[in-house]
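A note on names: the letters A, B, ... follow the listed sequences, proteins ahead of strands, and every chain is numbered from 1.
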4 protein chains.
Amino acid sequence: MTATSSTRDRIVETARLLFWEHGYEATSLADVAEKSHARSGSLYHFFRTKEELLLAVLDRYVNLLWPIVIEPVFSRVTDPIERVFGILDGYRQGLVYTGCAHGCPIGNLALEVCDDLPRAREKIAKNFEGWRGWIRKCLDEAKDRFPANVNREQLAVFVLTVMEGAVMQARAHQNLEPYDASVAQLRDYINRLLAEGAQRSKSTIQ
Amino acid sequence: MTATSSTRDRIVETARLLFWEHGYEATSLADVAEKSHARSGSLYHFFRTKEELLLAVLDRYVNLLWPIVIEPVFSRVTDPIERVFGILDGYRQGLVYTGCAHGCPIGNLALEVCDDLPRAREKIAKNFEGWRGWIRKCLDEAKDRFPANVNREQLAVFVLTVMEGAVMQARAHQNLEPYDASVAQLRDYINRLLAEGAQRSKSTIQ
Amino acid sequence: MTATSSTRDRIVETARLLFWEHGYEATSLADVAEKSHARSGSLYHFFRTKEELLLAVLDRYVNLLWPIVIEPVFSRVTDPIERVFGILDGYRQGLVYTGCAHGCPIGNLALEVCDDLPRAREKIAKNFEGWRGWIRKCLDEAKDRFPANVNREQLAVFVLTVMEGAVMQARAHQNLEPYDASVAQLRDYINRLLAEGAQRSKSTIQ
Amino acid sequence: MTATSSTRDRIVETARLLFWEHGYEATSLADVAEKSHARSGSLYHFFRTKEELLLAVLDRYVNLLWPIVIEPVFSRVTDPIERVFGILDGYRQGLVYTGCAHGCPIGNLALEVCDDLPRAREKIAKNFEGWRGWIRKCLDEAKDRFPANVNREQLAVFVLTVMEGAVMQARAHQNLEPYDASVAQLRDYINRLLAEGAQRSKSTIQ
DNA sequence: TATGAATGAGTCTTCATTCAT
DNA sequence: CATGAATGAAGACTCATTCAT
């Protein structure tokens, strides 16, 4: 398990990065093998097809969500609303880091392979559900600060929507402005919801 | 000239559809040639590389924006705010039509080729600018119904952001719900802006 | 004739240079057309095949021999033996000029196409005959300075042999040394012949 | 390993022959694959590019020099001067064998690829060095029979020069005469050197 | 378990050439 | 005369995958 799984892990990690940088189609298994220091044939011990390697990568993303994306924010920020924007800021930092190049790996794969690889599509959906779940959790924690009729599930979807759409435009323009503009609008929207929620609380208390 | 340019057009249109359905990498020029009833070598009479064909496709999208996307909505709807949601509804119909399969062709290409093909990236940005321009125009027409401090340019970016992010999730879940949820949230936000704007007008009149 | 033949000349001259720089096979007619500012189809008005273009180039070399190679030397040098070495020095200058890159255009084509293009081979042979003819002429003029039994025809062949073999090694080593060494040896040989010839003259006179 | 390396060897040997017969550019890898009974893709298991295959061929020529070219002459001839002319005669036999068709494989490649493939150029130079080395060795062994001031390194270069230039003309004229003429001249030159060398010995002994 | 040789369909692209205008 | 569209075979090379060891 040790040596083997470390080889397997190396392959998955290499594939993850290459799929992120170049996309699924544009990444060749020869590249994966070379960059992971595995032999060409060895790849097929762990993954019977390229698609199965992709599935493993998508599973990895599910597993990385908490330790890489969520936990760092949660450990730094406690306010649930700010945690949501902390997550959005984490993606912003990713854009800064890559010079607006690679964007969101899940979003990339979503648009590239959804039609053709149904099993990958399911795992992509599961990734999105993971993200949405954490955001939903934050919103639920701030439940009392929102107006009563706010649909927090829809709002969580919306946050994810904004994040992905904003990343896309930032990449297309190679510029953070569309990202910042989108997040600013989202902030304005949520502020308005919180403002109304605050009024409700006040009147309720009174 | 007619026959000639029609061959070229046929190639571009075929490539447009294939890039939309399968993406840029997954589309082979052999497919493009066959489906456009051109011989393999003829392709290179018009386009020196696959990338140049992509550029022609992206130019075509710029040209199609008004007649295919905008005009049908504008001829049906007159209220500028409703025109924005009319455009969003047009994309929804596209999702219905393809069973949430292909999504936004520009968005797809944005995430797939932005990093690797700089010239394509520029044309993708130009496409986004086209969309944003029409939305901005609608928002400007409704200028007086918004609060004074609304940043309509940011808001136009935000609309596009929502559209693209919503399409992505709809595809990933093969389900319109995330799309409808996102548009509903956007509608709520804009309603709140309009409500505040209406108050401003009232007070101004007073 | 004027406009037409100038187009034709441009094509031939362009092909000549490209064949010289890259060889016959590695030169594409598309390159020739582009660099000669001729349209792709136009080429076939003047030359029915690529081979015929090569034949025209080889004819051109026959025509250029006197004005470009021989005349400049003959106008500068009068001694027939020194004219031979002047021609060799002309080729040396060509090597210097191209950094030992392209070498002798006839020699290049000789080794590349002799086997496959019989008509070209004939014209290449004719080119060599032209060179050999001028060298032979020089040697004949110096007839009395050589020993009586010198075979001047063989010696002319030998001079050409040395030139071509020396150019080849200079190119392979990207270095003039093998060229200079070969010419030095040839010079030594001819000096020895002339020394013996001088003795003969002396004894004859006596 | 045996079966494996034999496949590789077969490919190299096939390429060697085809490059010799048709040149580098005019040889297609499809031909190489077919004639070596390898599948098209297999070629790239061993050689990443056509150029690398050429490099392997040139390495092979280095290895073949002794067993194919030098050893047969050395085992038949003992006099060092005659060994030099034995090598030249070996090339003559090659011309006879191919009807003055293919010539010297190294010389062919030298003129065809020197400019464009720097790594090949180096190996071609190394081949020439190999040849020159053996000739030099012969001349060194006959050191005492030459005049004291003979530059044997230059003379070795000269022998190679004559061989290559003579082969070229033989091919161009499809006739052994230029070859024989050139070798005869070289023989005459060396005879004169040896004659002078013999005189020196005589006077030295005296 | 792991490997690397082997595969052959497929990639984009270039080629010399033809043909209708 | 001249052109540029059209051709289709062929080019080098890559692909995901298989298989014997």
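- When the nearest nucleotides of DNA chain E are assigned to Ala38(A) and Gly41(C) by heavy-atom distance, the more 5′-ward of the two goes with Ala38(A).
- The shortest distance between the side-chain N/O atoms of Ser42(C) and the OP1/OP2 oxygens of dT3(F) is below 4.0 Å.
- Glu25(C) has its CD atom 13 Å from the C1' atom of dT14(E), to the nearest Å.
- Across the protein-nucleic acid pair, Ile11(C) atom CD1 and dC1(F) atom C1' stand 13 Å apart, rounded to whole Å.
- Look at Ser40(C) and you won't find any side-chain N or O under 4.0 angstrom from OP1 or OP2 of dT17(E).
- Within the nucleic acid shown, Ser28(B) comes within 4.0 Å of sugar-phosphate atoms alone, with no base atom in reach, counting heavy atoms only.
- In this structure, His37(A) places its NE2 atom 18 Å from C1' of dG4(E), rounding to the nearest Å.
- Between Tyr24(C) and Leu43(A), the residue anchored closer to the 5' end of DNA chain E is Leu43(A), taking for each the nucleotide with the nearest heavy atom.
- Among the nucleotides dA2(E), dA12(F), dA6(E), the one closest to the side chain of Phe46(A) is dA2(E).
- Because its NZ or CZ atom is not both nearer than 6.0 Å to the ring centre of Tyr61(D) and within 45° of the ring axis, Lys123(D) does not count as a cation-pi partner of that residue.
- Atom C1' of nucleotide dT14(E) and atom CZ of Phe47(B) are separated by 17 Å, given to the nearest angstrom.
- In this entry the distance linking CD of Glu34(C) with P of dA16(E) reads 13 Å, nearest Å.
- Comparing dA12(F), dA5(E), dT17(E) against the side chain of Leu29(C) picks out dT17(E) as the nearest.
- Listed nucleotides dA16(E), dA16(F), dA2(F) differ in distance to His45(C); the shortest reach to its side chain belongs to dA2(F).
- In this structure, Arg39(C) reaches the dG4(F) phosphate: one of its side-chain N or O atoms is under 4.0 Å from OP1 or OP2.
- Under the Watson-Crick or G-U wobble criterion, with both distances below 3.5 Å, dC15(F) is paired with dG8(E).
- Electrostatic pairing of Glu13(A) and Arg16(A) counts as a salt bridge here, judged by a charged N lying under 4.0 Å from a carboxylate O.
- Residue Tyr44(C) is the one, among Ala26(D) and Tyr44(C), whose nearest nucleotide of DNA chain F lies closer to the 5' end (criterion: closest heavy atom).
- Separating the CG atom of Leu117(D) from the P atom of dA12(F) is a distance of 13 Å, rounded to the nearest angstrom.
- In this entry the distance linking CZ of Arg10(D) with P of dA5(E) reads 14 Å, nearest Å.
- Between Arg171(C) and Asp115(D), at least one side-chain nitrogen of the basic residue sits less than 4.0 Å from a carboxylate oxygen of the acidic one, meeting the salt-bridge criterion.
- Checked against dT13(E), dC13(F), dA16(E), the side chain of Lys50(D) finds its nearest nucleotide in dC13(F).
- Around CD of Glu34(C), the count of heavy atoms belonging to other residues, nucleotides or ligands within 6.0 Å does not exceed 12.
- Rounded to whole angstrom, the span from the CG atom of Asp31(C) across to the C1' atom of dT13(E) amounts to 14 Å.
- Pairing for dT21(E) goes to dA2(F), judged as Watson-Crick or G-U wobble with the two contacts each under 3.5 Å.
- Each of Leu17(D), Val12(D), Leu18(D) was evaluated against Thr14(D); a single residue qualifies, Leu18(D), per the side-chain contact (heavy atoms from CB on, under 4.5 Å) test.
- The distance from atom CD of Glu21(D) to atom CG of Asn108(D), rounded to the nearest 0.5 Å, is 11.0 Å.
- Look at dT14(E): its Watson-Crick or wobble partner, with both distances under 3.5 angstrom, is dA9(F).
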